[in-house]
Amino acid sequence: PHSQLVVVPKQINLDALSREPISNVVMENTHYVTYCPDFSQWPFEKWVAPRQQGTRFSDVIDSELPDLAEILHSATRSIEVAYHDPRFLHIHGATPFGYNYYISSGTNWFIRIIPRFIHRAGFELGTGLNVNVMDPATAAGYLKEVTEKSTTAPSVEVPGAPS
């Protein structure tokens, strides 16, 4: 896997969570919620946010880490299931599964998970506008179903995924 760590200057405001209510909830646990925001820029984009508002990422305490780990694992696993679902092959073609994520660590922090289902092309690159080919409510419904199945079954089979 490839990973990068980047410190973003304070002048860039990534705190979209405080400007938009949580909608299209996929999973919740004691401390966190995952959802597909109405303003998602990517197919199956998912955000993880603390249930308690007004906190920073640095405020996460040790007793909350198992909930964070559980919800992050579930979030990425359900996206991988969607990626390998033949119904969505037309979105990404045959490119390998991957995703990027970042932590917006200011007040009302969140983790934004951006699956690599598509590549930006001329319109997006030329205008700076994003076109999401997947309705976030539809994506959330699908991911919620996958998540619920995985919590009731011993394991979730990912078609086409390496074992």
Worksheet item: Within a strict 4.5 Å, meaning less than it, do heavy atoms of the E64 and Y32 side chains meet?
Response: yes
Fill in: Side chain proximity check, Y101 to I114, heavy atoms < 4.5 angstrom
no
Worksheet item: Can you name the closest pair of heavy atoms from K46 and V26 and give their distance?
Response: NZ-CG1, 3.8 Å
Fill in: Close side-chain approach of E70 to M27, heavy-atom, < 4.5 Å
yes
Worksheet item: Is any side-chain heavy atom of L143 less than 4.5 Å from a side-chain heavy atom of C36?
Response: yes
Discussion item. Looking at W42, is its backbone amide N or carbonyl O close enough to the side chain of E45 to form a donor-acceptor pair, meaning the two atoms are under 3.5 Å apart?
Written reply: yes
Discussion item. Check for me, please, whether L68 and V25 land in the same ILVMFWY cluster - side-chain distances under 4.5 Å, paths through other members count.
Written reply: yes
Worksheet item: Does the side chain of Y102 reach to within under 4.5 Å of the side chain of F110, using non-hydrogen atoms?
Response: yes
Worksheet item: Where is the tightest heavy-atom contact between T30 and D67, given as atom of each residue plus distance?
Response: CB-OD2, 3.1 Å
Worksheet item: Yes or no on side chain to side chain contact (heavy atoms under 4.5 Å, CB included) for H31 and Q52, after CA distance, side-chain angles and deciding distance?
Response: CA-CA 7 Å; H31 299 287; Q52 183 179 355; over 6 Å; no
Practice prompt. Please tell me if the side chains of Q41 and N132 come closer than 4.5 Å, counting only heavy atoms from C-beta onward.
Written response: no
Practice prompt. Check whether L89 and V81 end up in the same hydrophobic cluster, where Ile, Leu, Val, Met, Phe, Trp and Tyr are linked by side-chain heavy atoms less than 4.5 Å apart.
Written response: no
Practice prompt. Over all heavy atoms of both residues, which pair between A139 and M134 is shortest? Give the atoms and the distance, please.
Written response: CB-CG, 3.7 Å
Worksheet entry | Where P37 and S40 come nearest, the two heavy atoms and their spacing | O-OG, 2.6 Å
Discussion item. Would you compute the distance between atom OG of S150 and atom CZ of R77 and round it to the nearest 0.5 angstrom?
Written reply: 8.5 Å
Discussion item. Can you classify the ring geometry of W109 versus F57 as parallel (below 30°), tilted (30 to 60°) or perpendicular (above 60°)?
Written reply: perpendicular
Discussion item. Over 60° means perpendicular and under 30° means parallel, so tell me whether F88 and Y142 are parallel, tilted or perpendicular.
Written reply: perpendicular
Fill in: Closest non-hydrogen atom pair between R87 and D85, with its separation
NH2-OD2, 2.6 Å
Item to complete: For residues K144 and S78, determine if any side-chain heavy atom of one lies less than 4.5 Å from a side-chain heavy atom of the other.
Response: no
Item to complete: Give a yes or no on whether the backbone of G54 and the side-chain of N108 come within a donor-acceptor separation of less than 3.5 Å.
Response: yes
Fill in: Between CD1 on residue I71 and OG1 on residue T76, distance to nearest 0.5 Å
11.5 Å
Worksheet item: Do F39 and W47 have ring centres separated by under 6.0 Å?
Response: yes
Fill in: Side-chain donor or acceptor of N24 paired with backbone N/O of Y35 under 3.5 Å
no
Worksheet item: So, do L72 and V48 sit near enough that their side-chain heavy atoms are less than 4.5 Å apart?
Response: yes
Worksheet item: Is V133 reachable from Y83 through a run of I, L, V, M, F, W or Y residues, each pair having side-chain heavy atoms under 4.5 Å apart?
Response: yes
